[in-house]
Participant: 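To start, I am sharing the structure in question, which I have written as structure tokens.
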Amino acid sequence: MHSRLIIDSLNDAQRAAVTAPDGNILVLAGAGSGKTRVLAHRIAWICRLEEASPYSVLAVTFTNKAAAEMRARVEALLEIASTGMWVGTFHGLSHRLLRTHWREAHLPQAFQILDSEDQYRLIRRVLKGLELDEAHWPPRQSQWFINARKDESLRAKDLDDQGDRVSWQMIRIYAAYEQACERAGLVDFAELLLRSLELFRHHPDLLAHYRNRFRYILVDEFQDTNTIQYDWLRLLASGHIPVFAVGDDDQSIYGWRGARVENIHRFSQDFTAAVIYRLEQNYRSTGTILAAANHLIEHNAGRLGKRLWTSDSEGEPIQLFAAYNEQDEARFVADQLREWIEQGRKLDKAAILYRSNAQSRILEEVLFAQSIPYRVYGGLRFFERAEIKDALAYLRLAAHQLDDPSFERIINLPPRGIGERTQSVLREYARDHGVTLWEAALELTKGGGLTSRAVNALKQFLTLMESITKAIEAMPLHEQVEKTIALSGLRAHYEREAGGKGPDRIENLDELVNAARGFNFNPSQHGDMDRLDAFLSHAALEAGEGQSESWEECVQLMTLHSAKGLEFHFVMLVGLEEGLFPHAMSLEQPGRLEEERRLCYVGITRARERLILSYAESRRHFGSVNYNPPSRFIREIPPEHLIEVRPQITLRPLVTRPQNKSDSPAKEGGLQVGQRVMHPGFGEGIVLDYEGQGRHARVQVRFDTEGSKWLVLEYAKLQRL
DNA sequence: GCGACATTGTTTTTT
DNA sequence: ACAATGTCGC
């Protein structure tokens, strides 16, 4: 009936994919080709034409944001609520399964979720317990090891050290960590997936139930699946449920965290009779931008092959700017933004993309100084803030006394005289008797092994926790949170805090109460958890957007990774230097360079109409100044699509410098940064920087033919031009 | 328990 | 450069 409507707005390729007959389908969807649209339309198509209920649809994404968007789009298309449909992230769906089948999964009913930071802390604890020196056994490395194994669905017992001492130790750490999680009823992110895979493996009845329930599986961003996610899909679906997977091998940028592009190649083998559709028409970018992207990505080998085209016009050429240093680059960016505004365009349609977060600082400084509003993506998210995690730890411990990590987090926060000494006695007791810290504390307050002062402090803490548990028992969620923040002394603690951060923290704690008030408890999704547990899981699983602050009219700053899936009318891709982008770390490992190139491809294809690339000849990095040649990626774009913009235009008369350099030698000598000079030996060049005073003053000059040099002003006989 | 100093590790990020 | 820990002395 409405099926015509649903597919009317699609192009031929999109329509072919959306209306394809049931069966395994792989849609290779290039950047800007309407991937999300196709996915949403496919779901709507299924529900309408096949008269299938949304109840039989399972749609998997990688981020909560993508899941929310998918749900919203489907609802808009179908004009009905999508209740009953399973839409979520791999982790979210696994979590849901485990909440429902916690018995079969051998989990405590109220298991809690560890985020990466919790996991890191717990691993450090475990290392201490094993009496391993952190210097020799970096916790980060153990964390990486454990997660990488879990992502391959390997448990400690499945691993073999093959006589290698390091492996042996790592496996030992892994095993001890598993035990610690077990004892405290904790599940980390990778464990959610692994447990739910095992759940299916060990319970054919359950597997059969879900195979029967779901008649359609859809997967977004298929190129980002890792081994365990792929196995999970295959186990659930293969041979039973048709899978509709959408992905783009050219946008695979998460190999470093376990994503396997090969999964996209394997699809046809493992999911029988798979039909492949290609979406190659791009609706986003101008011809020039697309041509640049196409040429760049062709330097990668082993692609599935895809060439984006557009019916759009060529558009303006891509600008390439060579900055002297990162400051100069930032000022150029600001100038370009101003120009954009002067042309009557909106600032929030513009984005500055960079390879690494550290690059945002200088950009922020300059934008701030020039009063250009900006918004930085990434960074600490709401539920990851220390004060929020403190409050959540109180809630967790109040509800579940076995939660050791939460116990450790707050036992002496705010400080209540339970120092390192007492804590280690507690830990030792807990370890020796195989009990939780809470139980250890209970025992130890009965006397023996502790000073009376410590016993008193401990008793007070236990009493406090019990009174919190009791006080919040019958409260609505937001009051539970509010009460806990108050009773725990956290509020008072942060009110007392010196150094400016206090008010922010209080504000965040208030925000947490609000979050609890607005929390949407959905019993069907949360199994038989109570409200508080559901909220706590939500906090771990959806760390919350960066700052929910002002959305309006800000230029967007973000890393290339976080830009995936977004688009902007105006994109500035900065820091295109060898060593930074491609990143030095990626040059050693084979395959990594190609991933960097894909990252660049992602960056370019974010732009709709205007694209500017820039690099700096010198850049401060880890304290020292580096001179890196322009990125190879620039050379991989055909020159006819690029025009170089000359730096002189944007150079300010004098760089703002710290006051102590105000009477700089360069100024004395009539030189300033950006000044063109002549040297008898090296020829013409331009002043990049200066340092020192009086006799020792030196200037840095980049000569047109000789490269950059530091020259002592006294001897260098520089002539202004 | 707190402030002063030292050491360390700095690609990308979600869940 | 710099932030985030860790250590030490009081």
Side-chain angles (χ1 to χ4, degrees), chain A residues 60-67 88-95 113-121 124 134-135 138-141 147 150-151 187-194 196 221 224-226 228-229 252-259 326 353-362 377-381 383-384 386 412-422 457 493 496-499 537-546 558-565 575 579-589 592 595-596 598-600 602-603 619-626:
Chain A
V60 199
T61 63
F62 276 84
T63 65
N64 292 303
K65 203 171 133 201
T89 62
F90 279 101
H91 293 86
L93 297 171
S94 296
H95 175 241
I113 300 169
L114 285 180
D115 71 11
S116 328
E117 195 212 341
D118 301 333
Q119 185 186 38
Y120 178 76
R121 287 164 170 260
R124 294 184 63 187
E134 281 195 11
R140 289 268 167 233
Q141 202 183 312
N147 288 333
K150 286 194 180 188
D151 284 346
V187 170
D188 61 44
F189 289 134
E191 184 77 20
L192 287 169
L193 297 175
L194 181 47
S196 87
E221 305 276 19
D224 288 337
T225 50
N226 65 23
I228 199 167
Q229 290 158 342
S252 159
I253 54 175
Y254 287 110
W256 53 274
R257 67 175 196 211
E326 72 277 8
L353 308 182
Y354 37 79
R355 178 69 230 285
S356 62
N357 279 314
Q359 289 170 258
S360 78
R361 173 178 297 212
I362 182 75
Y377 279 74
L380 255 203
R381 280 159 327 152
F383 286 112
E384 288 169 1
N412 203 28
L413 186 102
R416 49 173 70 88
I418 307 176
E420 197 42 53
R421 183 88 200 96
T422 314
H493 173 66
R496 251 181 281 122
E497 188 185 79
S537 302
H538 163 84
L541 240 32
E542 301 190 32
E545 272 300 281
M558 67 187 85
T559 63
L560 287 156
H561 283 89
S562 27
K564 191 170 79 154
L580 183 60
F581 189 31
H583 199 278
M585 296 273 191
S586 63
L587 294 177
E588 290 135 34
Q589 278 169 294
R592 283 281 200 247
E595 185 157 309
E596 295 279 309
R598 290 194 291 268
L599 195 52
C600 188
V602 166
R619 181 180 297 272
R620 213 163 250 286
H621 194 48
F622 295 159
S624 52
V625 178
N626 294 42

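Letters A, B, ... mirror the listed sequences (proteins, then strands); counts begin at 1. Note that these values count all heavy atoms, side chains included, but never hydrogens, waters or copies made by symmetry.
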Participant: R416(A): which residues meet the side-chain hydrogen bond (donor to acceptor under 3.5 Å, both in side chains) condition with it, sequence neighbours left out?
Facilitator: Y394(A)

Participant: Below 3.5 Å is the cut-off: list the nitrogen or oxygen pairs between protein and nucleotides 7-10 of chain C, distance only.
Facilitator:
none

Participant: Is a side-chain N or O of N147(A) found less than 3.5 angstrom from the main chain of S116(A), in a donor-acceptor match?
Facilitator: no

Participant: Who pairs with S94(A) by side-chain hydrogen bond (donor to acceptor under 3.5 Å, both in side chains), at least two apart in sequence or on another chain?
Facilitator: S196(A)

Participant: dT13(B), OP1 or OP2 - any side-chain N/O from R381(A) closer than 4.0 Å?
Facilitator: no

Participant: Might you point out which heavy atoms bring V625(A) and R620(A) nearest each other, and give the distance in Å?
Facilitator: CG2-NH2, 3.8 Å

Participant: Sub-3.5 Å donor-acceptor pair from the side chain of E326(A) to the main-chain atoms of Q359(A), do we have one?
Facilitator: no

Participant: Looking for any heavy atom pair under 4.0 Å, which part of the strands does D115(A) touch: base, sugar-phosphate only, or nothing?
Facilitator: nothing

Participant: Mind checking if N64(A) touches a base, just sugar-phosphate, or nothing, with heavy atoms under 4.0 Å?
Facilitator: sugar-phosphate

Participant: Separation of E326(A) atom CD from dC2(C) atom P, in whole Å?
Facilitator: 11 Å

Participant: What I want to find out is whether E117(A) reaches R121(A) closely enough, with some N-O distance under 4.0 Å, to be called a salt bridge.
Facilitator: yes

Participant: Below 3.5 Å between N/O atoms, which protein atoms pair up with nucleotides 3-6 of chain B? Just atom names and distances, please.
Facilitator:
none

Participant: If you measure from OH on Y354(A) to OG1 on T559(A), what distance do you get to the nearest 0.5 Å?
Facilitator: 6.5 Å

Participant: Which letter, B, S or -, goes with each nucleotide of nucleotides 7-12 of chain B from 5' to 3', with contact meaning a protein heavy atom under 4.0 Å?
Facilitator: ---BBB

Participant: Kindly compute the distance separating CG (L353(A)) from NE2 (H561(A)), expressed to the nearest 0.5 Å.
Facilitator: 12.0 Å

Participant: I need the minimum non-hydrogen distance between D188(A) and Q119(A), along with the two atoms involved.
Facilitator: OD2-NE2, 3.3 Å

Participant: Base of dT15(B), side chain of S116(A) - is there a donor-acceptor contact under 3.5 Å?
Facilitator: yes

Participant: With heavy atoms under 4.0 Å as the rule, sort R598(A) into base, sugar-phosphate or nothing.
Facilitator: nothing

Participant: Is there a salt bridge (charged side-chain N to carboxylate O under 4.0 Å, His left out) between K564(A) and D224(A)? Walk through the geometry before answering.
Facilitator: CA-CA 12 Å; K564(A) 191 170 79 154; D224(A) 288 337; 2.6 Å; yes

Participant: In whole Å, I'd like the distance from the CD atom of Q119(A) to the C1' atom of dT14(B).
Facilitator: 13 Å

Participant: Report the distance from atom CG of D151(A) to atom P of dT13(B), rounded to the nearest whole Å.
Facilitator: 18 Å

Participant: Round to the nearest Å and state the distance from Y354(A) atom OH to dT13(B) atom C1'.
Facilitator: 13 Å

Participant: When the distance from CG of L114(A) to P of dT14(B) is rounded to whole Å, what number comes out?
Facilitator: 19 Å

Participant: Output the rounded distance in Å from CZ (F62(A)) to C1' (dT15(B)).
Facilitator: 10 Å

Participant: Rounded to whole Å, please give me the gap between CZ in F383(A) and P in dT15(B).
Facilitator: 13 Å

Participant: What is the distance from CD of E221(A) to P of dT13(B), rounded to the nearest Å?
Facilitator: 15 Å

Participant: Taking all non-hydrogen atoms of both residues into account, name the closest pair between I113(A) and F189(A) and its distance.
Facilitator: CG2-CE2, 4.0 Å

Participant: In chain order, what residues pass the side-chain hydrogen bond (donor to acceptor under 3.5 Å, both in side chains) check against E191(A), with sequence neighbours excluded?
Facilitator: K150(A), R155(A), R195(A)

Participant: If I pick the P atom on dT5(C) and the same atom on dT12(B), what distance separates them, to the nearest angstrom?
Facilitator: 16 Å

